[in-house]
There are 2 protein chains.
Amino acid sequence: MKDIKTHPIGGNAGRNRTHNRRVVLDYVRANEPTGRAEIAKSCGLSFQAVSNIIEALETEGLLVAVGHKTGVRGQPAAQYKFNPESAFAIGVELRPNALICATLNLKGDCIYRERLSLEDSSPDKAIPQVCDMVDRAIAHCKRSRAQLLGVGVVMPGPFGAADMADMNAAILPDWENIDIKAVFEAALECPIIAENDATAAAISERVAGVARSMDTFCFLYFGAGLGLGVITNGHAQNGAYGNFGEIGHIVTQVGGTKCSCGNEGCLETYVSRLSVQKFMANRGIDIADADSLTKLLEQNNPALIEWIDIAATHLSQAIGILENIFDPETIVFGGAMPDSVTDALISRLQLPRGSVANRKNRKINRVMRGSSGHYTAAIGGASMIIHQITTPSMALYS
Amino acid sequence: MKDIKTHPIGGNAGRNRTHNRRVVLDYVRANEPTGRAEIAKSCGLSFQAVSNIIEALETEGLLVAVGHKTGVRGQPAAQYKFNPESAFAIGVELRPNALICATLNLKGDCIYRERLSLEDSSPDKAIPQVCDMVDRAIAHCKRSRAQLLGVGVVMPGPFGAADMADMNAAILPDWENIDIKAVFEAALECPIIAENDATAAAISERVAGVARSMDTFCFLYFGAGLGLGVITNGHAQNGAYGNFGEIGHIVTQVGGTKCSCGNEGCLETYVSRLSVQKFMANRGIDIADADSLTKLLEQNNPALIEWIDIAATHLSQAIGILENIFDPETIVFGGAMPDSVTDALISRLQLPRGSVANRKNRKINRVMRGSSGHYTAAIGGASMIIHQITTPSMALYS
DNA sequence: TACTTAATTCAAATAACTTGAATAAACATT
DNA sequence: AATGTTTATTCAAGTTATTTGAATTAAGTA
């Protein structure tokens with residue numbers, strides 16, 4: 001996904017303006033409703049600069065005035081907030097057997113979703129389907145294409161698996177060596193961001209989920225395997241070669257279950273959709289879909305409880321690793337698991353004592369469930385687009 | 001070390017200039033000697049903008065012209081490189097029983113070092129000693145205080161241990177709740193950056209060590225415990241509360257050795273200075289200092305070899321974790337261990353197969369030894385100062 | 001020797017932010 | 001109820017650092 005070495009580039013008036021627009025939008029996002037003077041103070045800009053930017057954003061429709069702040073001295077400050085209907089973004093999740101699409105308004109509310117089964121996920125077949133899907137989403141939401149901020153394309157990682165000595169084949173082998181961003185830019189004629197599912201999911205929680213006001217947190221994504229997305233200082237981590245977050249293949253039990261990657265005792269052999277399916281199949285129970293898991297949990301199925309306990313043990317170890325490495329504000333769980341199973345996993349965790357996260361006076365939990373359900377990845381795709389226009393590229397902290 | 005929530009701030013002409021200076025300096029650092037036109041092309045700036053900045057940098061003495069590039073068509077391009085003698089930075093490492101000081105010129109060469117044993121490391125006693133040490137360094141290097149870019153203060157983490165439920169007391173308890181940056185700014189009247197040892201060490205490898213041309217890599221720091229510093233896209237990771245990188249307390253053996261943090265089987269109970277001291281003491285061998293380790297290794301001492309094998313096993317697991325999480329360009333080992341012991345550890349690693357780093361066509365090793373020896377932390381302190389003036393705050397790529 | 005290529009210089013032009021003075025409107029005080 | 005204080009807002013320059021464009025310089029190439 002990333003390969004050519006780039007270099008940080010300089011700023012000029014135009015790029016500075018772009019940055020400042022994002023700084024302002026990010027502040028409004030996190031603090032709405034808010035006024036120009038407050039933004040100016042918080043963002044280190046003059047009132048006039050903010051005023052000009054707000055005026056432009058209001059003209060474009062991204063922000064709307066919502067009355068005046070009273071109750072304090074001084075001239076009442078005009079308050080602004082996001083205009084959720086002014087623009088929208090689309091996320092597309094590409095899986096081996098399905099296409100999933102989510103449309104979000106500017107506030108991050110999901111206003112349309114669609115799932116399409118796919119027999120053949122090769123680029124030739126899938127790309128036209130994605131185009132049709134995007135057209136349907138725009139039509140269904142009764143928006144104009146001009147309001148479309150962009151499309152986020154989400155695929156499971158890792159990328160470049162073909163070059164890895166022992167890693168299994170890629171989950172979508174036909175897509176190896178394809179410049180996803182370029183291909184979809186050509187097909188959809190709009191801005192494209194491509195990412196893996198876990199990172200997209202993390203961004204979705206920051207744009208409109210439980211991590212809305214957090215700048216540094218981890219997201220554990222339960223998919224076919226197990227993925228990790230990390231946001232630090234408001235920016236998603238990518239790794240040197242675009243393969244950040246392959247946490248499924250860290251070893252939590254030396255000499256444990258043989259994994260397809262060549263290791264033994266990989267975390268995702270204990271915690272993932274494939275893991276629970278295999279575990280239950282060995283006990284003669286077929287897990288066809290998420291609903292069947294939900295039902296088994298409602299019935300307190302002993303085999304499932306057993307799996308949850310094993311999974312929770314390994315997850316607890318992973319949490320210790322993440323907390324001590326990243327020192328995050330929290331760790332969010334999400335992805336393909338039903339909410340009830342995720343909650344059961346969380347309740348059975350045995351969080352390690354020896355962790356920098358084990359503080360007195362914590363205000364938020366060390367672990368929490370994400371808010372976007374099992375459309376997370378597609379919603380994350382659309383969230384990445386919204387995230388980009390509200391995320392400053394400068395990282396100047398006084 | 002970090003607590004109050006800040007907000008990204010907007011840019012203006014002045015901040016833009018600061019950023020562009022750093023972009024130019026960073027490019028020269030990594031590509032010297034180089035010319036104005038080349039910088040302009042690579043940094044996305046106009047020739048004129050670069051020309052003005054280079055002129056200023058040359059006037060200030062930070063850059064020097066070094067002839068012209070010939071052999072290609074067109075007017076010969078004037079080449080510039082760093083002027084190592086134009087400015088300098090000082091790093092101070094604060095340990096419970098010692099103060100260590102390193103002075104670097106602008107290129108990152110160490111031009112002075114000093115070690116001072118300390119009976120009392122409390123702020124009242126240590127701060128005056130630090131001031132004297134800085135004065136001695138300036139005098140010894142025959143520089144003027146005006147050329148001092150700043151002082152980097154390095155301490156072992158984690159910070160805020162007093163608030164942690166089960167973590168041991170801080171290594172320097174008297175320094176808890178002290179605003180280190182503010183205290184030393186007042187005492188030394190120059191810019192101060194405070195960091196933990198592992199992060200400082202990572203930065204030192206990027207400024208003038210084996211990671212000079214890398215933007216994303218990990219550094220494992222062998223100290224009393226075990227620390228982790230990570231650079232991603234040229235920026236050091238800090239965590240939400242300044243405690244990024246406490247990798248010593250991740251569990252690599254469930255139910256293993258009891259650790260002072262409350263966990264069992266923490267990595268640093270197997271890999272650290274304290275670990276090897278304890279292991280050898282149990283076999284009746286006293287490890288007084290680094291030299292005694294070196295000698296034992298030369299003699300192929302069986303107990304030490306045994307420790308190295310155990311340590312290498314646990315380290316290999318940690319490397320799998322780091323590679324699969326961060327997808328770094330490489331992992332650097334450094335810190336308090338003698339070079340020969342570090343090399344022995346590296347040679348006995350069993351790098352995991354199932355890792356995104358296990359690629360064909362790798363050009364650099366998955367693990368390498370750092371270049372700055374056991375003054376790493378102090379050198380890292382000074383490196384942070386140099387790093388700051390050559391590291392763009394904007395992260396505009398493409 | 002003439003041509004091509006690329007770096008450099010000089011002189012405007014431009015974009016975006018900052019500054020400062022004047023005005024508006026609410027709450028607080030007497 | 002009148003006056004004063006505080007804060008937001010507007011308007012009109014002023015400032016900074018960048019970009020643009022034309023002219024110049026100097027090396028390699030045909």
Side-chain angles (χ1 to χ4, degrees), chain A residues 8-25 27-28 31 33-60 63 65-80 392-394 396, chain B residues 8-25 27-28 31 33-60 63 65-80 392-394 396:
Chain A
I9 66 173
N12 55 26
R15 290 176 195 149
N16 202 342
R17 168 69 97 148
T18 305
H19 170 73
N20 287 354
R21 274 179 61 119
R22 290 180 184 176
V23 168
V24 169
L25 279 170
Y27 187 84
V28 176
N31 300 88
T34 181
R36 304 182 190 200
E38 179 187 335
I39 298 169
K41 220 168 285 168
S42 304
C43 297
L45 287 168
S46 68
F47 180 91
Q48 200 49 241
V50 173
S51 205
N52 293 337
I53 291 168
I54 293 278
E55 199 183 332
L57 291 171
E58 203 182 0
T59 306
E60 292 169 39
L63 295 183
V66 287
H68 294 259
K69 186 179 186 180
T70 57
V72 287
R73 276 195 177 185
Q75 179 167 343
Q79 300 298 96
Y80 296 86
S393 46
M394 257 180 182
L396 296 165
Chain B
I9 67 173
N12 56 27
R15 293 176 194 151
N16 202 342
R17 167 69 97 152
T18 305
H19 170 73
N20 287 354
R21 272 178 64 117
R22 291 180 183 175
V23 167
V24 169
L25 279 171
Y27 187 85
V28 175
N31 300 88
T34 180
R36 304 183 189 199
E38 180 187 334
I39 298 169
K41 220 169 284 169
S42 304
C43 298
L45 288 168
S46 68
F47 179 90
Q48 199 50 240
V50 172
S51 205
N52 294 337
I53 291 168
I54 292 279
E55 200 184 333
L57 291 170
E58 204 182 358
T59 306
E60 292 169 40
L63 295 183
V66 286
H68 294 258
K69 186 177 184 180
T70 57
V72 287
R73 277 196 177 185
Q75 180 168 343
Q79 301 296 98
Y80 296 88
S393 47
M394 259 181 180
L396 295 165

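Lettering of chains follows the sequences in order, A, B, ..., and the numbering in each one begins at 1. Small disclaimer: the values here were computed from a predicted structure and weren't measured.
Among the heavy atoms of the strands lying under 4.0 Å from N52(B) is at least one base atom, whether or not backbone atoms are also near. Within the 4.0 angstrom heavy-atom criterion, only backbone atoms of the sugar-phosphate kind lie near G71(A); the bases stay farther away. If you check every strand for non-hydrogen atoms under 4.0 Å, A49(B) touches a base.
Following rounding to the nearest Å, N16(B) (CG) and dA15(C) (C1') show an atom-to-atom distance of 11 Å. One atom, NZ of K69(B), and another, C1' of dA27(D), lie 13 Å apart when rounded to the nearest Å. dA8(D) atom C1' lies 15 Å from atom CD of E55(A), rounded to whole Å. One interatomic measurement links the two molecules: CG of L45(B) to P of dT16(D), which rounds to 20 Å at whole-angstrom precision. The CZ atom of R21(B) sits 11 Å away from the P atom of dT18(D) (whole-angstrom rounding). The interatomic distance linking K41(A) (NZ) with dT7(D) (C1') rounds to 8 Å, in whole Å. Summarising the geometry, the separation between NE2 on H68(B) and P on dA6(C) is reported as 18 Å, rounded to the nearest angstrom. Summarising the geometry, the separation between CZ on R36(B) and P on dT25(D) is reported as 17 Å, rounded to the nearest angstrom.
The side chain of A37(A) lies closest to dT9(D) when the candidates are dT18(D), dT9(D), dT10(D). Closest contact between the side chain of Q75(B) and the listed nucleotides dT8(C), dT25(D), dA17(D) involves dT25(D). Closest to the side chain of Q48(B), from the set dA11(C), dT18(D), dT9(D), is dA11(C).
Closest non-hydrogen pair, V28(B) versus Y80(B), comes out as CG1-O, 4.2 Å.
Rounded to the nearest 0.5 angstrom, N20(A) CG and N12(B) CG are separated by 8.0 Å. In this structure, the separation between CZ on R21(A) and CD on E60(A) is 4.0 Å, given to the nearest 0.5 Å. Separating the CG atom in N52(A) from the CZ atom in R36(A) is a distance of 8.5 Å, to the nearest 0.5 Å. Rounding to the nearest 0.5 angstrom, the gap separating the CD1 atom in I54(B) from the CG atom in L63(B) is 5.5 Å.
Nearest-nucleotide mapping onto DNA chain C: of R73(B) and F47(A), the residue sitting toward the 5' end is R73(B). Where Y80(B) and G74(A) meet DNA chain C, the nucleotide closest to each residue was compared, and Y80(B) sits on the side nearer the 5' end. Each of A13(A) and A77(A) lies near DNA chain D, and the nucleotide nearest A77(A) is the one positioned closer to the 5' end.
Distances shown here put a side-chain N or O of N12(B) below 4.0 Å from the OP1 or OP2 atom of dT18(C). Under 4.0 angstrom from either OP1 or OP2 of dC17(C) there lies at least one side-chain N or O belonging to R17(A).
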